[in-house]
Each structure stands twice: as structure tokens, then as C-alpha cells.
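Beneath this line is the structure, given in C-alpha cells, with notes to follow.
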Amino acid sequence: MQVMTDAVRKAGRRLARDFGEIENLQVSKKGPADFVTAADMKSEEILFDILSKARPGYGFLLEERGVVEGTDRSHRWIIDPLDGTLNFMHAQPHFAISVALEREGEIVAGVIYNPATDELFHAEKGRGAFMNDRRLRVAERRDLHDCVIATGMPFFGKKGHAQFLKELHQIMPMTAGVRRYGAASLDLAWTAAGRFDGFWERNLKPWDIAAGLVLVREAGGFAGAIDPGTDVLETGHIAAGNEMVIKELREMLAKAAS
């Protein structure tokens, strides 16, 4: 855990400096897209270098570089160097670095860090979930009408718009509110912290959700595939919340699909 937190804090310092430049770039005609791509790549480079030196032989699954095989086939880092890129690009302080450790096919530790707020969410299997030094617990609300649920909607060029609208139509009237903030890793971290009562989204990548899975579970919640019996890291279809919330979310999502 110390290795992971050291890595994300160092990468986070670089992202925070880059974020400070975004407002000036935001008003340019071209926009900050090229700058953000460079920031993303630099963050990934810092994480890769630190973790490679700390744990030689571990493999990697990275958003930018893809799969990097290691000599130790039982361990793999799963990394998103900048989740919430569009928020970052528009000078909105809701983005994160996400690092998870997979051991023998199971996610056993995760760190999600927002450099803009200096909130570091971390969890290790069997040892609980924390935000900085504060222990986290998922919200205990059991009536969906009292719950705020987070989600992600497909953006331009991605599949699934029609399905998402059906699901939103099914879920929104049953809740106190639905939120779309644009960073799945933080949606899961906030679910672990009780800020959201639940979360669902489809077609995510392993680096979007790996760290968040262990955070929610170690905070006493449930996080897994929308369709029970499937592998959430393979499908990218995820639901999370306390026992009652995730049960109701899965039921409503199944109804929307029928």
C-alpha cells in the first residue's frame, strides 16, 4: 500500500501542476486536448517507473500502453493515469489517478487519488477502506427513494445510448436523484465513502473500476457485475452499493433490458 500511495502522490503532484495550466489553455481556439494527452502520458510514465522499480517483475495493464508482461505472472498492476479526462480538460477538479493490484486474478488492493482535492481513497483486502486516514463505510439507506445513485452515460462515438436511456428511465423516478460526474473511479470511491448510495455503468475498462471494486467491498458494500455470474472486469458492466441498493439496481436494470 505504501508503494502505491507514494506512486500516485508523485504522479498527482505532476497532474496538479498541469491542471493549473488548463484554465489558460481552455480559452484557446484549439483547446487543451494535446496538453491533456501529454499530461496523461507523463502521469502513466511516473507510475510505471516507480512501480517497476518497487516491484520488479510485476506485470501491468495500462490505459495508454496496454499490457506489459512481467516475469511474475501472479501479480499485475492495473492503472488509469487520468480518469475524468474531459473534466480535467475543462478545468473541472473532478478527476483521479487509479491504481489496483491484481494477485492470482483477484483485485487485492486499490488506490484512487484526486490531486485537486488531495483526497486519497485506499483499500486492501481484509484491512478496510479509507479516505486519507478516515475509515469508510457505504451508506446504509435501504429505501431507493432516499438514495442518490451515480452513473455514466456513453459519450459521443460510444455504443449503448439507447440502452442507457432505457435504464435511466427505469431508475431515475425511483430515486432521490441520479448524478453523472464523469469519472467512474471516483464514482466508486464516493460510493465507498457513502456520498453516493449506489452506482451503475456499462462498457467500462478494467482500469476504470479495478481499484474501486476493492474500495466498495472493504467499505462493507457490494460491487460486481450487473449480470450475476459474469466477470465484471471482462464485461465492464458494473453495479455497486449496499446489499439492498445493488439488489434493486440489478432488478431494475434487468427490467429495462426486457
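Keep in mind it's a predicted model, so treat the numbers as computed, not measured. Note: hydrogens, waters and symmetry copies are ignored here, and every other heavy atom, side chains too, is used.
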Evaluate F48 against F60 for ring-ring contact (aromatic ring centres under 6.0 Å, His included), listing each step before the verdict. CA-CA 8 Å; F48 183 80; F60 287 82; 4.6 Å; yes
Determine whether a donor-acceptor pair (N or O, by modelled atom type, separation under 3.5 Å) exists between the side chain of H122 and the backbone of N132. yes
Under a 4.0 Å threshold between the charged nitrogen and the carboxylate oxygen, would R142 count as salt-bridged to E243? no
Short side-chain to backbone donor-acceptor contact, R76 and R73, under 3.5 Å: no
Between F19 and F95, what is the ring plane arrangement, given parallel below 30°, perpendicular above 60°, and tilted in between? tilted
For residues L215 and A192, report the shortest heavy-atom separation together with the two atoms involved. O-CB, 3.7 Å
Taking the side chain as everything from C-beta on, heavy atoms only, tell me whether I107 gets closer than 4.5 Å to I78. yes
Check whether any side-chain N or O of R250 sits under 3.5 Å from a backbone N or O of A225 as a donor-acceptor pair, and report yes or no. yes
Keeping N114 on the side-chain end and A96 on the backbone end, is there a donor-acceptor pair under 3.5 Å? no
Looking at D197 and R141, does any basic side-chain N land under 4.0 Å from a carboxylate oxygen? yes
Taking the six-membered ring of F222, is NZ or CZ of R217 closer than 6.0 Å to its centre and within 45° of its axis? no
Answer yes or no: are there more than 12 heavy-atom neighbours, outside R127 itself, under 6.0 Å from its atom CZ? no
Answer yes or no: is there a donor N or O on one side and an acceptor on the other, between the side chain of E104 and the main chain of H75, under 3.5 Å? no
With distance as the sole test, does D18 use its side chain to make a donor-acceptor pair with the main-chain N or O of A39 at under 3.5 Å? no
Donor-acceptor pair, side chain of E44 and main chain of L62, under 3.5 angstrom: no
Would you say R180's side chain and M153's backbone share a donor-acceptor pair under 3.5 angstrom? yes
Can you tell me if D80 uses its side chain to pair, donor with acceptor, with the backbone of V99 under 3.5 Å? no
Any side-chain heavy atom of W200 sitting closer than 4.5 Å to one from I238? no
Side-chain donor-acceptor contact under 3.5 Å, N87 with Y181: no
Do L253 and Q170 come close enough that some side-chain heavy atom pair is under 4.5 Å? no
K10 with D49: basic N within carboxylate O range, under 4.0 Å: no
Looking at NE2 of H90 and CG of L86, how far apart are the two atoms once the value is rounded to the nearest 0.5 Å? 5.5 Å
Determine whether a donor-acceptor pair (N or O, by modelled atom type, separation under 3.5 Å) exists between the side chain of S43 and the backbone of D40. no
